[in-house]
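Here's the structure we're looking at; comments come further down.
Just so we're clear, the structure is a prediction, and the values are computed from it rather than from any experiment.
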Amino acid sequence: MNQNKVRVRFAPSPTGYLHVGGLRTALYNYLFARKNNGVFILRIEDTDRNRYVEGAVENLIATLRWAGLDYDEGPHKGGDYGPYFQSERLEIYRKYAEQLLSEGTAYRCFCASERLEKMRKTQEKMKLSSKYDRTCLHLPESEIEKKLIDGDPYVIRMKIPENRIIKFYDIIRQDVEFSSELIDDQVLIKSDGYPTYHLANVVDDHLMKITHVIRGEEWLSSVPKHILLYEYFGWEVPNLAHLPLLLNPDKSKLSKRQGDVAVEDYKAKGYLKEALVNFVAFLGWNPGTTQELFDLNQLIEQFSLERVNKAGAVFNIEKLNWLNFEHLRKKTEAEVLNMLKDYLSQTEYKNLQLDDAYLLKVIEAMRARVTFIKDFVEKGKYFFEPPIIYDEEIVNKRWREETPEQLKRLSEFFSGLTNPTKEDYEVALHKTAQSLNIGNGKLIHAVRLAVSGVGGGPGLYDILNILGKDESIKRIENAINRIKL
RNA sequence: GGCGCUAUCGUCUAAGGGUUAGGACACCGCCCUCUCAAGGCGGUAAUACGGGUUCGAAUCCCGUUAGCGCUACCA
């Protein structure tokens, strides 16, 4: 059956940036579509003119593309069910609203928002659920005519039937039911002529032949209204899957106040898309195996809505960092080289003429020690410039009165070497230590401090080999002159 | 307040009537080692609470509690 072709949509409203929760919603839709040879649609829900943000759509699309989530139908791409901006579909919503109006399942409401607010407050005081009091439902036809002629602003509300239990099945939450008594006569068309989410999403999902609605849990309470709308129109309700929310460490809904929520923030901080995608995929889903590291294709292969959890998940940055470390390690040397060069070009070292061979050696030496590309520079600063300061703690620990004299001997030995290899440095150091009658460690730690300024890092001989003979000697002599006890 | 959803280590989660409740991150220890990492090995740590059902419950049912969501002419 052709109508079983899976079609899903990610339908964000363009409010400025892509929320990581939005990224996960988009990802699950994408994975579900790809897994089922379906179609992934991007639809822009820009029906709130008050929240319009310049450039938000372009940013959204660029961020999705960065994450690797390419859509099949949507802005700039077209498709048979456009337009894909809701703001360009106003006549469509209008037409369907008129239909409900004429069928009596919707009605015009001329109530001022001030009155509605008052009403709501009263209801709240009486501990009732807040619902429109249906004043305008009972307006005589003549009065409606008059108000229309007068040009009074109005909204169109849907009429919720009384005494109905609305049941539905959610792929993630199974059976859910609501009583229609608690449902408000929802506004479908605002007084500015724009539709509300509820009308627009039902109409579009139907017209765009969406088979599975995969979205955040915050929409669960609205489903009964949508079901009723499908029923009024005589349309089939798509399959529903309401995703658990992403939470702050204190379990509140993930928000800006407690850290970064925009995908762009993570991108700017140097997180790899592979890591971020892998991470958000696991917030609320798991493959049922012990595999933790996934690329996009593997996620597609193994994803299923049935394995999505019901409970909200805390966004745990530690694990994301670990995933970034792992995904960075999986990159080829050439890929890391490109990323490093790109990063360097944005730093104070952009004019340093470093050849690829040199950078490749740095990469090899630092790989097991970096979580982010920027760590190559932040943790291996000494590969890009001589130490400016020497870690005080390490000086106290490794530098002795006799150290300068010992290093002098060593640097003299180094001077006599021609084109030394890593092993040559090692032999030279061993021999010097022997002639000084001290342990190798004494020299090793002092040299490390002298050439790097810090106490940690790759093996000393690797560092010397990367820096080269002349630079190493220069740095040792520098340290002898500059480190004072 | 009303309605809905949810509830396993600190965090992400596995286990869908019978397990010493498993894995991962983080943390701690040991090994490796010139340091810092990485890696290997090991460890601390959980079924919110109370009732049922059952020979047997993390798992099924009910209640309580807590958290979250919705309760707009926002999505």
Quiz item: Within 45° of the axis and under 6.0 Å from the centre of the six-membered ring of Phe413(A), does NZ or CZ of Arg409(A) qualify?
Solution: no
Practice problem: Give a yes/no on whether any side-chain N or O of Asn286(A) is located under 4.0 angstrom from OP1 or OP2 of rU13(B). | Solution: no
Self-check item: Nucleotide nearest His445(A) when distance is taken to its side chain, options rG4(B), rC34(B), rA26(B)
Solution: rC34(B)
Quiz item: Between Lys251(A) and rU11(B), does any side-chain N or O lie under 4.0 Å from OP1 or OP2?
Solution: yes
Quiz item: Are the charged groups of Asp391(A) and Lys397(A) less than 4.0 angstrom apart, N to O?
Solution: no
Self-check item: Distance in angstrom units between Arg108(A) CZ and rC73(B) C1', rounded
Solution: 16 Å
Quiz item: What is the distance from CG of Leu320(A) to P of rA26(B), rounded to the nearest Å?
Solution: 12 Å
Quiz item: Can you find a side chain N or O atom of Arg307(A) that sits less than 4.0 Å from OP1 or OP2 on rA15(B)?
Solution: yes
Practice problem: Would you verify whether the NZ or CZ of Lys269(A) falls within 45 degrees of the ring axis of Tyr271(A) while also being under 6.0 Å from that six-membered ring's centre? | Solution: no
Quiz prompt | Separation between the C1' atoms of rA37(B) and rA21(B), rounded to whole Å | solution = 34 Å
Quiz item: When the C1' atoms of rA66(B) and rG50(B) are considered, how many whole Å apart are they?
Solution: 15 Å
Self-check item: Donor-acceptor contact below 3.5 Å, side chain Asn396(A) vs main chain Glu393(A)
Solution: no
Quiz item: So what does Gly459(A) hit on the nucleic acid, given a heavy-atom distance under 4.0 Å: a base, only sugar-phosphate, or nothing?
Solution: base
Quiz item: Is any side-chain N or O of Arg120(A) closer than 4.0 Å to OP1 or OP2 of rA72(B)?
Solution: yes
Quiz item: Which is true for Arg329(A) with a 4.0 Å heavy-atom rule: it touches a base, it touches only sugar-phosphate, or it touches nothing?
Solution: sugar-phosphate
Exercise. Please work out if Asn309(A) contacts a base, only the sugar-phosphate, or nothing of the nucleic acid, heavy-atom cut-off 4.0 Å.
Key: sugar-phosphate
Quiz prompt | Nearest-angstrom distance from the residue atom CG of Asp184(A) to C1' of rU71(B) | solution = 8 Å
Practice problem: Could you check whether Glu292(A) gets within reach of a base, just the sugar-phosphate, or nothing at all, counting any heavy atom under 4.0 Å? | Solution: base
Exercise. State which of rC73(B), rC25(B), rA38(B) makes the closest approach to the side chain of Ser191(A).
Key: rC73(B)
Exercise. Just call it for Phe279(A): base, sugar-phosphate, or nothing, with non-hydrogen atoms closer than 4.0 Å on any strand.
Key: nothing
Exercise. Would you kindly compare Ser179(A) and Leu247(A) by the position of their nearest RNA chain B nucleotide and give the one closer to the 5′ end?
Key: Ser179(A)
Practice problem: Whole angstrom is fine here: how far is it from CZ in Arg173(A) over to P in rC70(B)? | Solution: 13 Å
Quiz item: What distance, rounded to whole Å, do you find between the two P atoms, one in rU6(B) and one in rA75(B)?
Solution: 26 Å
Self-check item: Whole-Å gap separating P (rA75(B)) and CD (Gln186(A))
Solution: 9 Å
Practice problem: Would you please confirm or rule out a distance under 4.0 Å between OP1 or OP2 of rC74(B) and any side-chain N or O of Lys190(A)? | Solution: yes
Quiz item: Just checking Thr196(A): base, sugar-phosphate only, or nothing, at a heavy-atom cut-off of under 4.0 Å?
Solution: sugar-phosphate
Quiz item: Charged N to carboxylate O under 4.0 angstrom, Glu274(A) versus Lys330(A)?
Solution: no
Exercise. Name the pairing partner of rU6(B), where a pair is Watson-Crick or G-U wobble with both distances under 3.5 Å, or state none.
Key: rA66(B)
Quiz item: What interatomic distance, in whole Å, is found between C1' of rU47(B) and the corresponding atom of rA57(B)?
Solution: 11 Å
Quiz item: Mind checking the P distance from rA15(B) to rC9(B)? Whole angstroms is fine.
Solution: 16 Å
Quiz item: What integer number of Å spans the C1' atoms of rG43(B) and rG4(B)?
Solution: 42 Å
Practice problem: Please determine, for rC32(B), whether a Watson-Crick or G-U wobble partner exists with both distances under 3.5 Å, and give it or none. | Solution: none
Quiz item: What about Arg448(A): does its side chain form a donor-acceptor pair under 3.5 Å with the base of rC34(B)?
Solution: yes
Exercise. Using a 4.0 Å heavy-atom cut-off across all strands, classify Phe282(A) as base, sugar-phosphate, or nothing.
Key: sugar-phosphate
Quiz item: Counting side-chain heavy atoms from C-beta on, which of rC25(B), rC5(B), rG39(B) comes nearest to Glu326(A)?
Solution: rG39(B)
Quiz item: What integer number of Å spans the C1' atoms of rU13(B) and rC62(B)?
Solution: 28 Å
Exercise. May I ask you to say what Pro458(A) touches in the nucleic acid, namely base, sugar-phosphate or nothing, with a heavy-atom cut-off under 4.0 Å?
Key: base
Quiz item: Atom CD1 of Ile394(A) to atom C1' of rC34(B): distance rounded to whole Å?
Solution: 13 Å
Self-check item: Whole-Å gap separating P (rG69(B)) and CD (Glu218(A))
Solution: 9 Å
Exercise. Examine the side chains of Arg9(A) and Asn29(A) and answer whether a donor and an acceptor come within less than 3.5 Å of each other.
Key: no
Practice problem: State the pairing partner of rA38(B); accept Watson-Crick or G-U wobble contacts with both distances under 3.5 Å, and report none otherwise. | Solution: none
Quiz item: For rA72(B), which nucleotide in any strand shown is its Watson-Crick or wobble partner with both distances under 3.5 Å?
Solution: none
Practice problem: Please examine the side chains of Leu320(A) and Phe315(A), heavy atoms only from C-beta on, and report whether any two atoms are closer than 4.5 Å. | Solution: yes
Quiz prompt | Residue Ala368(A), side-chain heavy atoms: nucleotide from rA26(B), rC73(B), rA38(B) that is nearest | solution = rA38(B)
Quiz prompt | OP1 or OP2 of rA75(B) under 4.0 Å from side-chain N/O of Thr47(A) | solution = yes
Practice problem: For Arg51(A), report the nucleic acid contact type (base, sugar-phosphate, nothing); a contact means any heavy atom under 4.0 Å. | Solution: base
Quiz prompt | N/O donor-acceptor pair under 3.5 Å between Asp184(A) side chain and Gln186(A) backbone | solution = no
Quiz prompt | Euclidean distance for C1', rA7(B) against rA46(B) (whole angstrom) | solution = 12 Å
Exercise. Mind calculating the distance between CG (Asn278(A)) and P (rU13(B)) to the nearest angstrom?
Key: 14 Å
Practice problem: Describe the nucleic acid contact of Pro14(A) in one word from base, sugar-phosphate, nothing, applying a heavy-atom distance below 4.0 Å. | Solution: nothing
Practice problem: Report the nucleotide, chosen from rU71(B), rC12(B), rU6(B), that has the shortest atom-to-atom distance to any side-chain atom of Ser130(A). | Solution: rU71(B)
Quiz item: Across all strands shown, which nucleotide pairs with rU11(B) by Watson-Crick or G-U wobble geometry, both distances under 3.5 Å?
Solution: rA24(B)
Practice problem: Look at all strands and tell whether Val314(A) reaches a base, only sugar-phosphate, or nothing, counting heavy atoms closer than 4.0 Å. | Solution: sugar-phosphate
Self-check item: RNA chain B: 5'-proximal contact among Thr290(A) and Ser221(A) (nearest heavy atom)
Solution: Thr290(A)
Quiz item: Which is it for Asp204(A) and Tyr93(A) under the side chain to side chain donor-acceptor pair (under 3.5 Å) test, yes or no, and what are the steps along the way?
Solution: CA-CA 9 Å; Asp204(A) 287 347; Tyr93(A) 310 123; 2.6 Å; yes
Quiz item: Looking across every strand, which nucleic acid part, if any, lies under 4.0 Å from Leu460(A) by heavy atom: base, sugar-phosphate, or nothing?
Solution: base
Quiz item: Checking all strands, does Gly455(A) fall into the base, sugar-phosphate, or nothing category for heavy-atom contacts under 4.0 angstrom?
Solution: base
Quiz item: Considering only side-chain heavy atoms of Arg157(A), which listed nucleotide, rC34(B), rA24(B), rC73(B), is closest?
Solution: rC73(B)
Quiz item: Does the side chain of Trp322(A) come under 3.5 Å of the side chain of Glu326(A) through a donor N or O and an acceptor N or O?
Solution: yes
